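As structure tokens, the structure follows; a few thoughts come after it.
Since the structure is predicted, the reported quantities are computational estimates derived from the model, not experimental observations. What you see below is based on every heavy atom in this structure, not just the backbone, and it leaves out hydrogens, waters and symmetry mates.
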Amino acid sequence: MEQSILEDSIDTITSKAKKDIVDSYTNAIQEEQILCESLCYGCVLVFYMHLEGCIKRIAELYLVFLEKQLCRIQLNPHLNYIITNNKADDIKWIKRISIKKKEDKRNSSKLIDTLNNLDYETLKQILFIVNLQEEPYKVFADSLDTFVKIRHNIAHGHISIYHGNLEITYEQLTNYKQLAIDIIMLFRNNILEAIEKSTYKN
């Protein structure tokens with residue numbers, strides 16, 4: 001994959017995701033900024049879907065790009081090891097992931113695998129794989145974990161308007177929308193910067 005094609009693909013992925021997130025949010029909020037409860041938890045699922053999807057897809061595209069560079073350049077030692085061996089041995093998956101999921105991870109051929117749970121620890125592991133600094137993302141740690149927990153509870157039917165236990169405020173929904181966009185755009189910008197500055201080279 002050529003650099004310009006990669007950059008265009010990343011821009012397309014992020015712009016579509018951002019538009020869908022904003023459109024979903026706008027539809028759930030009435031003009032008076034009153035939350036439409038029937039759409040609220042659907043928005044959370046949409047926000048998460050794009051957040052996880054963008055991080056996974058951009059990371060995968062970047063690794064494909066790097067793999068194609070191997071015949072022409074020497075990658076930095078970290079990326080060279082990961083691309084050549086298609087594994088990242090230094091990653092230790094968090095204890096609260098079930099034994100079954102740990103086994104699934106070991107048997108998975110995917111280097112970028114969120115296990116459908118893009119919490120902060122998983123994001124850290126993806127940042128490690130693609131060799132990005134964690135520091136800019138630390139500000140999102142607590143809010144991302146809270147967001148993912150709420151998304152999990154909605155997706156698995158533990159909370160809903162029908163149960164009478166959906167307690168997401170307008171302010172919270174606004175924050176979750178912005179959280180998803182901010183992480184997506186930061187990851188996008190970091191990857192594009194790595195490509196532009198060729199930080200993947202040895």
Side-chain angles (χ1 to χ4, degrees), residues 1-22 46-94 97 101-141 144 148 151 179-202:
M1 179 181 295
E2 296 299 325
Q3 180 172 325
S4 60
I5 296 174
L6 173 61
E7 291 170 346
D8 288 345
S9 297
I10 290 173
D11 277 338
T12 298
I13 290 167
T14 53
S15 61
K16 286 181 177 179
K18 186 177 178 181
K19 182 180 186 305
D20 199 23
I21 289 170
V22 172
V46 169
F47 298 167
Y48 177 82
M49 171 188 73
H50 284 301
L51 174 58
E52 180 183 3
C54 279
I55 298 299
K56 285 177 65 174
R57 187 66 183 129
I58 291 171
E60 289 167 350
L61 287 172
Y62 183 53
L63 293 179
V64 169
F65 168 77
L66 294 179
E67 187 176 8
K68 292 184 177 180
Q69 305 304 307
L70 277 177
C71 60
R72 294 180 288 187
I73 63 169
Q74 180 66 42
L75 299 179
N76 70 51
H78 172 85
L79 290 172
N80 184 68
Y81 175 83
I82 285 176
I83 299 296
T84 303
N85 296 285
N86 193 36
K87 62 181 180 180
D89 288 345
D90 293 337
I91 295 178
K92 183 177 181 180
W93 287 81
I94 51 179
I97 293 179
K101 283 190 174 180
K102 285 183 180 179
E103 291 171 352
D104 289 345
K105 176 60 187 175
R106 286 197 296 270
N107 296 330
S108 174
S109 61
K110 296 178 182 178
L111 191 53
I112 303 297
D113 190 349
T114 65
L115 301 178
N116 298 316
N117 186 45
L118 187 66
D119 58 10
Y120 186 69
E121 187 66 22
T122 306
L123 177 61
K124 275 173 55 178
Q125 292 155 2
I126 293 173
L127 294 172
F128 171 82
I129 290 171
V130 297
N131 205 32
L132 293 181
Q133 294 298 314
E134 179 197 349
E135 190 64 34
Y137 297 83
K138 287 183 178 178
V139 68
F140 302 121
L144 177 58
V148 171
R151 171 263 170 192
L179 174 70
I181 291 173
D182 286 347
I183 296 175
I184 288 170
M185 297 309 293
L186 178 60
F187 191 74
R188 166 203 177 271
N189 293 341
N190 288 164
I191 292 290
L192 291 178
E193 183 179 16
I195 295 166
E196 182 182 347
K197 295 184 176 179
S198 299
T199 59
Y200 52 83
K201 292 184 180 179
N202 191 11

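Of the inter-residue distances, the one linking Glu193 atom CD with Ser198 atom OG reads 11.5 Å to the nearest 0.5 angstrom. The distance from the CD atom of Gln3 to the CD atom of Gln69 is 8.0 Å, given to the nearest 0.5 Å. Rounding to the nearest 0.5 angstrom, the gap separating the CE atom in Met185 from the SG atom in Cys54 is 9.0 Å.
Remark: Gln74 engages Asn80, Asn202 in a side-chain contact (heavy atoms from CB on, under 4.5 Å) (not counting sequence neighbours). Lys16 pairs by the side chain to side chain donor-acceptor pair (under 3.5 Å) definition with nothing, not counting sequence neighbours. Applying the side chain to side chain donor-acceptor pair (under 3.5 Å) test to Tyr48 and every residue at least two apart in sequence or in another chain returns Glu52. Take Glu134 and apply the side chain to side chain donor-acceptor pair (under 3.5 Å) test, not counting sequence neighbours, and it matches Tyr120. Glu196 pairs by the salt bridge (charged side-chain N to carboxylate O under 4.0 Å, His left out) definition with nothing, not counting sequence neighbours. Applying the salt bridge (charged side-chain N to carboxylate O under 4.0 Å, His left out) criterion to Lys19, with sequence neighbours excluded, gives Asp23.
Asp20 places no side-chain N or O within 3.5 Å of a backbone atom of Val46 that could act as its donor or acceptor partner. Looking at His78, its side chain does come within 3.5 Å of a backbone N or O of Phe128 through a donor-acceptor pair.
Put simply, the side chain of Ile195 reaches to within 4.5 Å of the side chain of Glu7, judged on heavy atoms. Looking at Tyr200 and Ile73, their side chains come closer than 4.5 Å, going by heavy atoms from C-beta outward. Contact check for Val148 versus Thr122: no side-chain heavy atoms found under the 4.5 Å cut-off. Between Leu192 and Asp11, some side-chain heavy-atom pair lies under the 4.5 Å cut-off. With contacts defined as side-chain heavy-atom distances shorter than 4.5 Å, the pair Ile129/Tyr62 does not qualify. When side chains are defined from C-beta on, Tyr81 does not count as touching Leu75, because their heavy atoms never get closer than 4.5 Å. Under the 4.5 Å side-chain criterion, counting only non-hydrogen atoms from C-beta, Leu63 is in contact with Ile112. The closest side-chain heavy-atom distance from Leu132 to Phe187 is below 4.5 Å.
Counting only N and O atoms by type, the side chains of Tyr137 and Asn190 include a donor and acceptor under 3.5 Å apart.
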(request) Test side-chain contact (heavy atoms from CB on, under 4.5 Å) on Ile184 and Ile13 and set out the steps. (result) CA-CA 10 Å; Ile184 288 170; Ile13 290 167; over 6 Å; no
(message) Is there a side-chain contact (heavy atoms from CB on, under 4.5 Å) between Phe140 and Leu186? Walk through the geometry before answering.
(response) CA-CA 11 Å; Phe140 302 121; Leu186 178 60; 3.7 Å; yes
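Counting heavy atoms of neighbouring residues, nucleotides and ligands inside a 6.0 Å radius, atom NZ of Lys18 does not exceed 12 of them.
In terms of heavy atoms, Thr14 sits closest to Ile58 at CG2-CD1, 3.5 Å. Among all heavy-atom pairs drawn from Leu51 and Ala180, the shortest one is CD1-O, 3.9 Å.
Looking at Asp113 and Lys56, no side-chain N of the basic residue comes within less than 4.0 Å of a carboxylate O on the acidic one, giving no salt bridge.
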